[in-house]
Structures are given as C-alpha cells and as structure tokens.
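Report on the following structure.
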Amino acid sequence: MLKVENLCYEYESGFKLKNINFEVKGGESIGIIGENGSGKTTLVKNLIGLLRLKSGRILLNGEDASKMSVAEIARTIGFVFQNPDNQIFASSVKEEVSFGPQNLKMDKIEEIVNDVLKKTDLFKYKESHPFKLSGGEKQRLALASILVMNPKILVLDEPTSGLDLRNARKLIEIVKNLQEEGRTLILISHDMELVSDLCERIILMKSGEIIADGGIKDIFDDSNLLEKTRLDLPEIAKLSKILEFGVVFDPGELYRKWRVSND
Amino acid sequence: MIRYTMFLRRKSILHSIDPRSKIILSLFLFTVCIFFNNPIYTGTLFFFLIISLKIFGKIEIKKTLSFLKPMLPFVVMIMLLWILLGSEKGNVIYQIWKLKIKDVNIEMAFAMGFRVLAMILSTFLLLMTTEQRDLVLALVKMKLPYEYGLTIAIALRYVPTLASLAVSIMDAQKARGLELEKGNILEKIKKYIPILVPLIVKSIQLAQELAIAIETRAFGKPNRTFYRDLKFKFKDLVFLSAAVIFFVICLYLRIKGYGVLDI
C-alpha cells in the first residue's frame, strides 16, 4: 500500500532524514516512536507531501507520490494534526467537517458528513459552533474532518495529548473501530501505553534514522535498544519484564502467566 | 524554512558596541543617504556599508546580499520608474514610441537604486548586529517608556511564533485538500479564509494568555529594575565620535554642493 525507498530529506538547519526504508501493508497498525527531534513528524510530512523528499521514492499504491499534489495524497493518507485549534475556521461542526470533501470535489457530501459525525459521536453537535466544543470533542472533530475524506491510511499525531482520561478512551475506542474496518493506522506518540494498545508494529527513530522496525513485543523486549533511545515502557510491560514473563500488555494475560508460574 | 530574526551572532566590533551608539549610527547613515543623489556617492555609500559589515561586523558579503535579495524587485521598480518617467532635462539616448530614455535619468535611476539599497543596509546594520532584547533595552534606556519598549519586544518576539503558527495552519488545511495555488485571484483570496480565521483566533488567545502572564508578574509596577544593563564604554565613545565626524563631513559636502545632480 505504501512503500518508502531510500527517502532522504534535509532542512536548511541541517537536520536530515537519512535513508528511510519501510513498507506499510493494508490494515497494519504502526507506531512511529522516538525522542523529540528524532524526525517522526518530518517523515510523516514527507509521506503526505507537505515536505518534498530530496532523494528516494515514496510509492502509494504503486504510484510515485512525489508526482502527486498534497490534495491527491490526502485521498489516500489522512493526517490528523496534533492541535485541532489550528484547523477550525467554520461556524458549525458540519461545515467544518465538509471542508475536505468539498476541496476534493466528492459527491453526496451531506451523507458522508453525517456518517462520519455519527462514527465520531459528534452528530448531536452538528449545528454547534466548533469553538464551543470541549478539548476532547475538538480532537474528535479534527479526526472527523480527515476521516470524511475516506483515507485508507490514517496518520494520528499525538491524538490523546492534553485529553482527560474519559475523552482519551473515547478517542481510542473510535480509532479501534476504524482499525476493525480495516483501515491502516500510523500513530506518532510518546505515550507507550497508547502505542501498545493500538499498534502491533513499531518504527523506532533516532536522529533522523530508523534504528528499529519490527513487532512491538520484540522491540520492547530489546533492553539495549530501550536504553539507547530512552524509551519508557508501559507500567504493565515493566512489571511483566521484572517478573520475567517477557513483554505483556494485557493484565489478564499477565495474571494467567503469574498463576501458572506459581502453580 | 522561516528566518525568525535578522540577528547574526558573530564576535566583532560592531556586535560589541553599545546598541544606543548603533541606533544613532543607523540614523546618521539613513540621513546621509538622503543627502546625495549622485550615483557615484550613493554607490560608494552602498559598497562602503557592505564592506564595513564584512570588516567590522564579520558578516559575509554573500549573507548581506541574501538579505537584500527580497528587496530587489522594489529597487528595480524604482529604477525603471526613474528611467521611464524621470526628468525632462538631458539628452535622449533611446526612444521607444513616446517614451524617451535620457542619460540623466539613467544616472538618477542608479543613484536612487543605490540610495534605497544603502538606506535598507543602514537599518540592516543595526538589526544584523544587535539582539532584539538589546535593541529594546537600548530604546528604553533612551527614555522610551518601558510599556512601549515591551510592546516592541513582544511584537518582535511573536513574529516567529505567528509565522510558525501560520505554517502549521496552512499544513493542516492543505492536508484537508486545500490547494492555495489553484484558481483565479478572487478564488485564491477566498481560500485564505480557512487560514486567517484560525490564525486570528489563536493570536487573540495568545494575546490574552500573555496579558495574564505579564500581569501576574507585576507588570506596570513603577521603578522597575533591569536584569541586563547597558554600559557606555570608552570604545562606544570612540565609535560614536567617528559616526558624528562621518556625518559632519557628509553634511559639509552636501552644503558645498558635492554629490548632487542637477536635474
């Protein structure tokens, strides 16, 4: 679905993305993680065409994405920015959500907008002013305004940052439903609990390079890698490693392993 | 990438001089530019400034020219206007339809071109060698009320923040299929609404937050003291004396009629 080959990018400041290679298959859930300034957002901005790579290739469904406009790429890769306030401009929620489909000249906009508002639990606020929404609702609005363009790949940048537990859980539930629909998910986050909850594969970045790409449990089990990148594991994974059960994210599974070892 | 400030950190004489002396020098240079309208004089002034920045400010000529580059269309326009619509005097050296190109107007075009560039450089000299906070502190020390000084400081400080915010908003809207480059001029103007609305809203929010933040830190209390202070040293006196002598010589030349074209 998405293939990145030898992607290189350089800012004027000198920061570089060096030789990035990876492939994303349909329906996968990938977490891009790394310290601040490791190049996660720069990489994603290259994927969606906001930054144009200096060398290498990005293939989107076999086509060269460097020849596509940002709007064309938006049909396949939807990027939900971290701060929803940076995009709200319309006077009602439905108007805000219909902005993308209008730009992409889609048909049956009202129908699609209503559908997405129901999926994101915002239908009741359809006529409300977006600025009157709470932080969690605004975050869901940002998600809805991308989802409405029906991208096959959904990229979320720190989606739960600044949200209270209830709103964060609600958002995670919506994202899980989207995963069940078969949508591909790329998640940028520092929240390892969230990453372990939503992703099965990790791309670990440091200083503009991918230093590891693999299954989440394999990466979280690699102590050298964790030390090198100063990654903080979810509490349950820390506990399971202390108990020498490997990396476990599910409390039920951890309990069962503990019972078996005690029996 | 956005350049947030014109200040270039170097270890040079110009950088070490008291900003108050540099403000006075900058004013002198700006005024001297208006004295002359002979291309040899204005041109000499222009090259003198570039070389002075290189020698006394350790600012590479290439760097200075890169700052001047965005001003070039403006300078070229002034020169063209002088060539095409200048004085009635002088000899016609070329004629296109009713437009007469005269020798004296070409001379004036170069004089004005160099004058504008020298005027810009005299301001750049101050901005390239003085940190914003020092500039504001100097203005306050020169009896500008602190409230006004702080206003200038905040305005300068928030230029990069707002520029960066504008870029983030543009990116967020582009990811929703907004194509700013397409359409006629009216359509293009309309397309900026989704960028301007969030930008204005966020700016107002920022201003409110900032107002609260400075009020909680006793803004407006009389007899404030300063963490940083400016000290007028002997070298500043020498520098200022040289600037005064330079100004007086130029004023004398102007009174004696040197460097002035009769048009």
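Protein chains get the first letters and strands the later ones, always in sequence-line order, with residue 1 at the start of each.
Comment: B:K231 does not engage B:D236 in a salt bridge, judged by the lack of any side-chain N to carboxylate O separation of less than 4.0 angstrom. A salt bridge links B:R176 to A:E96: one of the charged nitrogens lies within less than 4.0 Å of a carboxylate oxygen. Ion pair B:E60/B:K54 not flagged as a salt bridge, since none of the NZ, NE, NH1 or NH2 atoms sits closer than 4.0 Å to an Asp/Glu carboxylate oxygen.
Ranked by heavy-atom pairs under 4.5 Å with chain B, the first of A:G49, A:G100, A:A90 is A:G100.
Between A:F15 and A:Y11, the two ring planes are tilted [angle within 30° to 60°]. Using a 30° and 60° split on the angle between ring planes, B:F226 and B:Y146 fall in the perpendicular class, above 60°.
For a heavy-atom cut-off of 4.5 Å, chain B lies close to A:S69, A:V70, A:A71, A:A74, A:F79, A:F81, A:N83 in residues 63-83 of chain A. Residues from residues 20-44 of chain A never place a non-hydrogen atom less than 4.5 Å from a non-hydrogen atom of chain B. For residues 180-191 of chain B, heavy-atom neighbours of chain A at less than 4.5 Å comprise no residues at all. Residues of residues 131-159 of chain A that come closer than 4.5 Å to chain B, counting heavy atoms only, are A:F131, A:S145, A:I146, A:M149, ordered by residue number.
Expressed to the nearest 0.5 Å, how far CG of A:L178 lies from CG of A:L185 amounts to 8.5 Å. Put simply, CG on B:L27 and CG on B:L126 are 8.5 Å apart, with the number rounded to the nearest 0.5 Å. Atoms CD and CG, on A:Q87 and B:D171 in that order, are 12.0 Å from each other to the nearest 0.5 Å. Separating the CG atom in B:L121 from the CG atom in B:L49 is a distance of 5.5 Å, to the nearest 0.5 Å.
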Quick one, A:K108 with A:E110, criterion salt bridge (charged side-chain N to carboxylate O under 4.0 Å, His left out). Give me CA distance, side-chain angles, the key distance, then yes/no. CA-CA 6 Å; A:K108 297 178 185 170; A:E110 198 179 344; over 6 Å; no

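In terms of modelled atom types and a separation under 3.5 Å, the side chain of B:T129 and the main chain of B:L125 share a donor-acceptor contact.
Side-chain atoms of B:T151 and B:E147 form no donor-acceptor pair, as typed in the model, at a separation below 3.5 Å. Defined by atom type and a distance below 3.5 Å, a donor-acceptor pair is present between the side-chain atoms of A:K126 and A:N114.
Cation-pi check for B:R9 over B:F7 is not met; the charged atom does not lie both under 6.0 angstrom from the ring centroid and within 45 degrees of its normal.
Between A:F99 and A:F89, a ring centre-to-centre spacing shorter than 6.0 Å is recorded.
Using a 4.5 Å cut-off between heavy atoms, A:L104 contacts chain B through its side chain alone, with no backbone atom that close.
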